[in-house]
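Written below as structure tokens is the structure these notes are about.
When a ligand or atom number is given, it counts from 1 through the structure's own listing order.
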Amino acid sequence: MTSPARFPSRLRVRTQESMALHTSFGVGGPADYWVEVRSLDALRLALESADHLKVPRTIMGHGTNALVADAGVEGLVIYNRCMDFEPSRTSGLVRVGSGHSMARLAGRCARLGLGGLSFAIGVPGTVGGAVFGNAGAFGSDVAAVLKSALVWRRGHEREMAAHEFGFAYRHSNLQGDATDPAVLAASFRVQRSDPAALRTELLALARRRRATQPQGQNAGSFFMNPDGDYAGRLIEA
Ligand SMILES: Cc1cc2nc3c(=O)[nH]c(=O)nc-3n(C[C@H](O)[C@H](O)[C@H](O)COP(=O)(O)OP(=O)(O)OC[C@H]3O[C@@H](n4cnc5c(N)ncnc54)[C@H](O)[C@@H]3O)c2cc1C
């Protein structure tokens, strides 16, 4: 195993970090190496150093779509907390770091009177995880609102337009990509709206979610719905 000392010291890489602490199911064995990043620069450094040291790497958001084996994770797990938030009323876009929470994004935009992202109140996890899986709720999804996202691949980064992600139901072409791409940041389209109306909408959506899904630790919408049916109905049948 590579010595953790070979990673840049400012990353503060830990060893044998239990993944049960970082997944919503609360299960999973240790990661060989684990690092929390809070800035885009730190995220880039973590990606670059893992590739340079030839250590396999996994970027993770809130671990709400991850079932980690008891055997743990080989290589470096990057725990993404890049939460930059740059709204722009004039351009009709909001730029966010890929470690920003989706639900919090809905709340922050609503307070600023920026509509279009209310569905995100029902999506646990981060912007990066949501782009990776085209997450959605309440009849909308990432594909409907994403303008572009900055993606890191083998030391190069490029702003990819939404149509390049090949979005389909809970799918993007980042999945299964052998280059292990990482979403660094994303730009979402927003429209000027009344903050009070947006707040009412968010409260209604949150109530709807509470009424239809169990509270506390649960698998929620972890499973994809098959055509014409619901995973929840099939599991409980
Ligand atoms: C209670 C509950 C309710 C849920 N409800 C919904 C719902 O309504 N709608 C829905 O769509 N999903 C739902 N999910 C599933 C989950 O919330 C989404 O898939 C979410 O988008 C995962 O985000 P995350 O940050 O937790 O990703 P993680 O679980 O941390 O990672 C999931 C995958 O994304 C990859 N990934 C994460 N960040 C990046 C990045 N920056 N760049 C590249 N790849 C990355 C990871 O490597 C991993 O393969 C639910 C899950 C639970 C537990």
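Taking the ring axis of Tyr33 as reference, the NZ or CZ atom of Arg6 does not stay both within 45° of it and closer than 6.0 Å to the ring centre. Taking the ring centre of Phe138 as origin, the terminal cationic atom of Arg208 falls outside the region bounded by 6.0 Å and 45° from the ring axis.
Taking all heavy atoms of Phe119, Phe132, Phe138 into account, the minimum distance to atom 34 (O) of ligand 1 is reached by Phe132. Of all the listed residues (Leu43, Thr64, Val127), Thr64 holds the heavy atom that lies closest to atom 53 (C) of ligand 1. Residue nearest to atom 24 (P) of ligand 1, selected from His62, Arg57, Gln175, His100: His62 (by heavy-atom distance). Here atom 21 (O) of ligand 1 lies nearest to Gly129 when heavy atoms of Gly129, Ala120, Ser101 are compared. The residue from Gly136, Gly97, Ala137 that puts a heavy atom closest to atom 7 (C) of ligand 1 is Gly136.
Within the structure, the closest approach of Gly99 to ligand 1 does not fall below 4.0 Å when heavy atoms are considered. Residue contacts with ligand 1 leave out Leu174, since none of its heavy atoms falls under 4.0 Å from the ligand.
Of the polar atoms of Gly61, at least one N or O is found under 3.5 Å from an N or O of ligand 1, judged by distance alone. Backbone and side-chain nitrogen or oxygen atoms of Pro124 are examined, and one is located within less than 3.5 angstrom of a nitrogen or oxygen of ligand 1. Residue Thr126 has at least one N or O atom closer than 3.5 Å to an N or O atom of ligand 1. Below 3.5 Å of separation, one finds no N or O of Ser24 facing any N or O of ligand 1. Here's the thing with Thr58: none of its N/O atoms is less than 3.5 angstrom from an N/O atom of ligand 1. Not a single N or O atom of Ala182, backbone or side chain, sits closer than 3.5 Å to an N or O atom of ligand 1.
By the criterion of a heavy-atom distance under 4.0 Å, neither the backbone nor the side chain of Met102 is placed next to ligand 1. Residue contacts with ligand 1 for Arg209 involve side-chain atoms from C-beta outward but no N, CA, C or O (heavy atoms, distance under 4.0 Å).
Residue Ala66 approaches ligand 1 through these ligand atoms, each under 4.0 Å from one of its heavy atoms: 29 (O). Residue-ligand proximity, Arg170 to ligand 1, at heavy-atom distances under 4.0 Å covers atoms 10 (C), 11 (O). Each of the following atoms of ligand 1 lies closer than 4.0 Å to a heavy atom of Gly122: 7 (C), 8 (O). Interface of Met60 with ligand 1, defined as ligand atoms under 4.0 Å from a residue heavy atom, comprises 30 (O). Residue Gly125 approaches ligand 1 through these ligand atoms, each under 4.0 Å from one of its heavy atoms: 23 (O), 24 (P), 25 (O), 26 (O). Proximity to Ala130 (heavy-atom distance under 4.0 Å) selects the following atoms of ligand 1: 21 (O). The Ala135 neighbourhood of ligand 1 comprises atoms 11 (O), 21 (O), with distances under 4.0 Å to a heavy atom of that residue. Close approach of ligand 1 to Pro181 (heavy-atom distance below 4.0 Å) involves ligand atoms 43 (C).
You'll find the side chain of Trp152 stays beyond 4.5 Å of the side chain of Asp180, heavy atoms only. Looking at heavy atoms from C-beta onward, Val77 lies out of side-chain contact with Glu17 at the 4.5 angstrom threshold. When side chains are defined from C-beta on, Leu150 counts as touching Arg95, because their heavy atoms get closer than 4.5 Å. You'll find the side chain of Arg81 reaches within 4.5 Å of the side chain of His62, heavy atoms only.
Taken together through direct or relayed side-chain contacts under 4.5 Å among Ile, Leu, Val, Met, Phe, Trp and Tyr, Phe132 and Phe188 form part of one hydrophobic cluster. Residues Val35 and Val55 share a single hydrophobic cluster, defined by chaining ILVMFWY side chains whose heavy atoms lie under 4.5 Å apart.
Using modelled atom types and a 3.5 Å distance limit, the side chains of Ser39 and Asp41 yield no donor-acceptor pair.
Looking at every heavy atom in both residues, Thr64 comes nearest to Ser24 through CA-OG, 3.4 Å.
Each of Asn80, Leu184, Val183 was compared with Ile59 under the side-chain contact (heavy atoms from CB on, under 4.5 Å) criterion, and only Asn80 meets it.
In this structure, His22 and Trp34 have parallel ring planes: the angle between them is below the 30° cut-off, well short of the 60° mark.
A side-chain donor-acceptor contact under 3.5 Å links Asn173 to the backbone of Glu164. For Arg38 (side chain) and Cys82 (main-chain N/O), no donor-acceptor pair under 3.5 Å exists by modelled atom type.
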